[in-house]
Amino acid sequence: MHWADYTAQKLKERGENQVSASGITPSGEFHIGHLREILSAEMIHRSCLNAGMKSKYIFIVDSMDPLRRVYDFLSCEYEEYIGCPLAYIPAPDSEGKPGSSDISYAEYFLNPFLESLEQIGVNPEVVMNHESYENGEFAKYIDLAIKNKEEIRSTIQEISGRELSKEWFPYSPIGSDGSLDGVIVTGYENPYVYWRDEQGVDGKSDIRKGEGKMPWRIDWAARWILHGITCEPAGKDHGAAGGSYDTGIPICKILGGNPPDKIVYEWIQLKGMGPMSSSSGVTIGPMEALSLVPPEILRYIIARSKINRHIEFDTGVSLFKTADEYERLVSAPTPVLEAMNKRQLVAQETQEGAIRLSQVENGTDPRESVGGVTFRHLSMLAQIKSSDEDVWSSLSRSGHIKEKPGSVLKIRLSRMRAWINGPHFPDESRIDIRSEISDESRSAMGKLGVLFLTNLSSFLSDCEWSEEGISAAISQACENTEIQRKDGYSAIYLALTGRTHGPKVSALLFEMERSTVISLFDCD
RNA sequence: GGGCCUGUAGCUUAGUCAGGUAGAGCGUCCGGCUUUUAACCGGACGGUCGCGGGUUCGAACCCCGUCAGGCCCGCCA
């Protein structure tokens with residue numbers, strides 16, 4: 001059984017209404033790792049729906065979290081905003097300086113991410129955490145946390161093994177300069193928390209407004225109750241013994257809630273750049289990774305791995321392999337046979353779940369996602385056809401598509417182009433058509449190969465210029481020169497690309513000018 | 001120091017919770033396909049399940065120890 005289905009089955013024991021959630025701090029550009037957080041929760045949400053439960057998926061943006069430090073991509077002017085909630089500070093401009101646009105720092109990084117999520121079929125209910133504070137939704141829990149301050153303090157100290165200072169308080173007010181740092185609480189009288197900040201200024205914060213926040217470990221526990229969260233997969237950092245999951249559970253109970261079960265997912269890491277690239281400074285941009293990969297393949301990468309396994313995200317050749325695997329499973333699902341033992345059945349069921357959860361739209365037929373065109377074929381067309389229109393007309397001539405390309409296919413092509421034109425596309429998959437046959441290729445194919453190509457050249461000069469016609473000509477030339485088919489095809493690839501293998505020859509030649517092919521092959 | 005996750009065929013891995021003859025895909029090799037090429041079809045090769053001990057009639061699986069990799073115990077997905 002797939003892990004998401006298994007989790008859904010476990011959740012059913014709690015009841016028929018499920019709320020899955022993710023929470024992310026928008027402190028910088030979103031990246032592939034955040035995607036695992038999002039998709040882990042979203043896939044469980046889908047499994048709950050598929051199991052007949054009521055379920056929703058919410059994405060909580062930690063917009064009330066303060067700016068921790070001046071990140072590399074920020075200019076030093078951000079120094080003055082350290083400690084201030086991300087919702088209340090300006091977004092950086094193109095130079096990393098605080099800009100004048102009216103969107104906040106938090107929104108600046110969030111908005112493009114939400115667009116990417118839409119493309120991979122994730123449509124969460126978005127909750128800006130700072131709004132929950134501003135609306136007073138947290139007030140009840142802040143009050144409870146303050147009243148149970150000592151119990152929460154000892155819970156955190158015992159479970160995390162961390163010593164809390166004398167000044168520690170379960171609510172951090174914003175000081176006179178807008179920062180949460182260094183503000184000491186001096187008193188509490190519902191609804192006001194009294195404080196003194198680093199400048200020595202005294203003030204008070206209304207817990208019903210956005211004038212402060214609870215520390216992370218308590219904030220998390222409180223939001224579980226506020227939103228009725230039953231499931232929130234957390235990264236292994238939160239999941240470690242003594243981490244915020246372990247303290248969140250008892251704190252949630254202190255605040256009168258029923259915490260979700262602990263679900264921990266492993267990290268996803270970027271790989272695929274050769275050892276040379278890291279030294280040459282080629283690194284992959286966080287959102288860039290998302291823009292290269294077809295949505296269902298991206299989902300499949302997350303769905304096929306168990307939630308507690310490392311994933312190496314690779315934008316090189318293994319992307320082809322993953323796409324092949326996906327397409328193979330979609331077009332020819334493993335059949336359920338009587339002879340299968342329990343394990344094989346489990347494996348089959350897990351595989352089916354991974355494919356089902358990889359679909360951009362829940363419940364659609366996986367075969368539609370391939371759109372009749374394989375990833376590899378598209379990579380060839382995208383390389384030899386610079387205009388999209390030519391790609392579509394080629395696909396329609398070859399019978400891959402009926403009329404106009406669907407939106408799924410258009411997105412696939414644009415991502416393919418981004419991949420091919422970027423630094424991550426593997427060289428070995430690059431189609432570089434030679435204008436003449438190199439000496440190495442000539443010696444590799446041997447005399448028979450040369451003879452074959454010359455022969456082929458004449459057949460091609462008067463065959464029908466279609467994939468079928470070209471295939472027939474190749475076949476004739478093979479028979480005529482008594483070359484092994486295998487060697488004949490190798491000779492063609494050697495002439496075209498200098499390698500012994502490549503994409504389907506008839507399709508490749510068909511996309512070229514007949515005269516170009518004829519003069520290239522006529523090499524005797 | 002304390003803790004978590006991982007270690008199974010050349011590679012990616014299933015199976016570990018509920019112990020019962022180690023499964024799959026990729027790659028490799030061999031054969032087939034007389035319009036066969038980043039294919040397809042059939043077959044073969046390939047595993048001391050990290051290592052050592054224990055429990056058991058029986059251990060990849062349970063227990064103890066140990067090694068290796070990753071991670072957490074301020075913030076981080």
Side-chain angles (χ1 to χ4, degrees), chain A residues 6 22-25 27-28 30-41 62 65-69 71 156 159-164 215-217 232-247 262 264-269 286 304-312 314 317-318 320-325 328-329 332 334 340-351 374-377 379-380 426 428-429 431 463 466-479 484-493 497 499-508:
Chain A
Y6 178 80
S22 307
I24 297 178
T25 306
S27 54
F30 283 79
H31 55 79
I32 189 79
H34 292 118
L35 216 54
R36 191 168 198 182
E37 158 103 18
I38 300 280
L39 286 176
S40 297
D62 285 316
D65 284 15
L67 184 71
R68 293 278 164 207
R69 60 185 174 84
Y71 302 105
I156 293 175
I159 294 174
S160 76
R162 167 181 156 211
E163 192 90 5
L164 297 177
W216 161 244
R217 286 174 189 255
E232 182 169 357
K236 60 194 294 188
D237 51 339
H238 295 309
S244 43
Y245 230 122
D246 285 356
T247 53
K262 185 171 176 177
V264 177
Y265 63 86
E266 255 289 354
W267 305 104
I268 183 166
Q269 275 152 0
R304 72 167 169 178
S305 303
K306 295 206 303 183
I307 195 161
N308 63 349
R309 307 282 299 212
H310 277 286
I311 294 178
E312 300 255 351
D314 185 335
V317 251
S318 51
F320 277 117
K321 292 187 174 176
T322 308
D324 282 346
E325 184 181 307
R328 193 175 48 245
L329 285 172
T334 316
M340 284 168 99
N341 59 33
K342 198 177 88 189
R343 283 176 189 169
Q344 287 169 313
L345 285 170
V346 166
Q348 198 279 335
E349 200 183 23
T350 307
Q351 232 167 34
T374 65
F375 192 67
R376 286 190 190 270
H377 188 63
S379 93
M380 179 194 78
E428 57 191 284
S429 301
I431 301 172
C463 75
S466 65
E467 290 196 28
E468 292 74 24
I470 293 166
S471 287
I474 293 170
S475 208
Q476 282 177 308
C478 284
E479 283 166 27
Q484 289 276 324
R485 282 174 171 279
K486 202 166 93 181
D487 298 333
Y489 276 95
S490 284
I492 296 173
Y493 288 114
T497 65
R499 286 190 286 255
T500 58
H501 290 274
K504 192 173 178 180
V505 158
S506 54
L508 186 53

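Each chain gets a letter, A, B and so on, in the order its sequence line appears, and its residues count up from 1.
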Classify every nucleotide of nucleotides 71-77 of chain B by which part a protein heavy atom approaches to under 4.0 Å, writing B for the base, S for the sugar-phosphate alone and - for neither, in 5'-to-3' order.
-> SSSSSSB
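Atoms CZ (Arg328(A)) and P (rU12(B)) sit 17 Å apart, rounded to a whole Å. Atom CD of Glu467(A) and atom C1' of rU35(B) are 11 Å apart (whole Å). For the pair Lys504(A) NZ and rA39(B) C1', the computed distance is 9 Å after rounding to whole Å. Tyr245(A) has its OH atom 23 Å from the P atom of rG3(B), to the nearest Å. Protein atom NE2 of His501(A) is 11 Å distant from nucleotide atom P of rG27(B), rounded to whole Å. Spacing between atom CZ of Arg309(A) and atom P of rU16(B) amounts to 12 Å, rounded to whole angstrom units. Atom-to-atom, CD of Gln351(A) to P of rA24(B) comes out at 12 Å; the value is rounded to the nearest Å. In this structure, Phe320(A) atom CZ and rU12(B) atom P are separated by 20 Å, rounded to whole Å.
Of the candidates rU35(B), rG15(B), rA38(B), rG15(B) carries the atom nearest the Lys306(A) side chain, counting heavy atoms from C-beta on. When distances are taken from the side chain of Arg376(A) to each of rU35(B), rA39(B), rG25(B), the shortest belongs to rA39(B). The side chain of Asn308(A) sits closest to rC5(B) out of rU34(B), rC5(B), rC17(B).
Spacing between rC63(B) and rU48(B) at atom P, rounded to whole Å, works out to 25 Å. Straight-line distance between the P atoms of rA9(B) and rC49(B): roughly 10 Å, to the nearest whole Å. If you take atom C1' in rC41(B) and the same atom in rG58(B), they sit 40 Å apart, rounded to whole Å. rG25(B) and rG47(B) have their C1' atoms separated by 16 Å, with the value rounded to a whole Å. Straight-line distance between the C1' atoms of rU8(B) and rG46(B): roughly 13 Å, to the nearest whole Å. The gap from the P atom of rA60(B) to that of rG50(B) amounts to 10 Å, rounded to the nearest Å. Taking atom C1' on both rC64(B) and rG20(B), the two are 24 Å apart, rounded to the nearest angstrom. Between rG7(B) and rC61(B), the two C1' atoms lie 14 Å apart (nearest whole Å).
Under the Watson-Crick or G-U wobble criterion, with both distances below 3.5 Å, rA44(B) is paired with rU28(B). Using the Watson-Crick or G-U wobble rule with both distances under 3.5 Å, rG1(B) pairs with rC73(B). In this structure rU34(B) sits in no base pair that meets the Watson-Crick or G-U test at under 3.5 Å. rC62(B) is paired with rG54(B) under the Watson-Crick or G-U wobble criterion, all donor-acceptor distances under 3.5 Å. Nucleotide rA68(B) has rU6(B) as its partner under the Watson-Crick or G-U criteria, with both atom distances under 3.5 Å.
A distance of 10.0 Å separates OG in Ser244(A) from CD1 in Ile156(A), rounded to the nearest 0.5 Å. The CD atom of Glu266(A) sits 11.0 Å away from the OG atom of Ser40(A) when rounded to the nearest 0.5 Å. Separating the CZ atom in Arg36(A) from the OG atom in Ser22(A) is a distance of 13.0 Å, to the nearest 0.5 Å. The OG1 atom of Thr497(A) sits 11.0 Å away from atom CD1 of Ile492(A), with the distance rounded to the nearest 0.5 Å. One distance of note links CZ of Phe320(A) with OG1 of Thr374(A); it measures 9.5 Å at 0.5 Å rounding.
The nearest heavy atom of RNA chain B to Lys321(A) and to Ser379(A) marks one nucleotide each, and the one closer to the 5' end goes with Lys321(A). Residue whose closest nucleotide on RNA chain B sits further toward the 5' end, between Thr350(A) and Ser429(A): Thr350(A).
Contact annotation for Arg69(A): no contact, since no heavy-atom pair falls under 4.0 Å across all strands. Contacts of Gln476(A) with the nucleic acid, taken as non-hydrogen atoms under 4.0 Å apart, are absent. At the heavy-atom level, Glu468(A) lies under 4.0 Å from base atoms of the strands shown. Lys486(A) comes within contact range of at least one nucleobase, with a heavy-atom separation under 4.0 Å. If you check every strand for non-hydrogen atoms under 4.0 Å, Ile431(A) touches a base. Within the nucleic acid shown, Arg304(A) has no heavy atom closer than 4.0 Å to any nucleic acid atom.
The number of heavy atoms from other shown groups lying within 6.0 Å of NZ (Lys504(A)) does not exceed 12.
Between Thr25(A) and Arg68(A), every side-chain heavy-atom pair lies at or beyond the 4.5 Å cut-off.
In this structure, His238(A) and Trp216(A) have tilted ring planes: the angle between them lies in the 30° to 60° band.
In this structure a side-chain-to-backbone donor-acceptor pair under 3.5 Å is present from Ser379(A) to Arg376(A).
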Please walk me through it: do Ser475(A) and Arg485(A) pass side chain to side chain donor-acceptor pair (under 3.5 Å)?
-> CA-CA 8 Å; Ser475(A) 208; Arg485(A) 282 174 171 279; 2.4 Å; yes
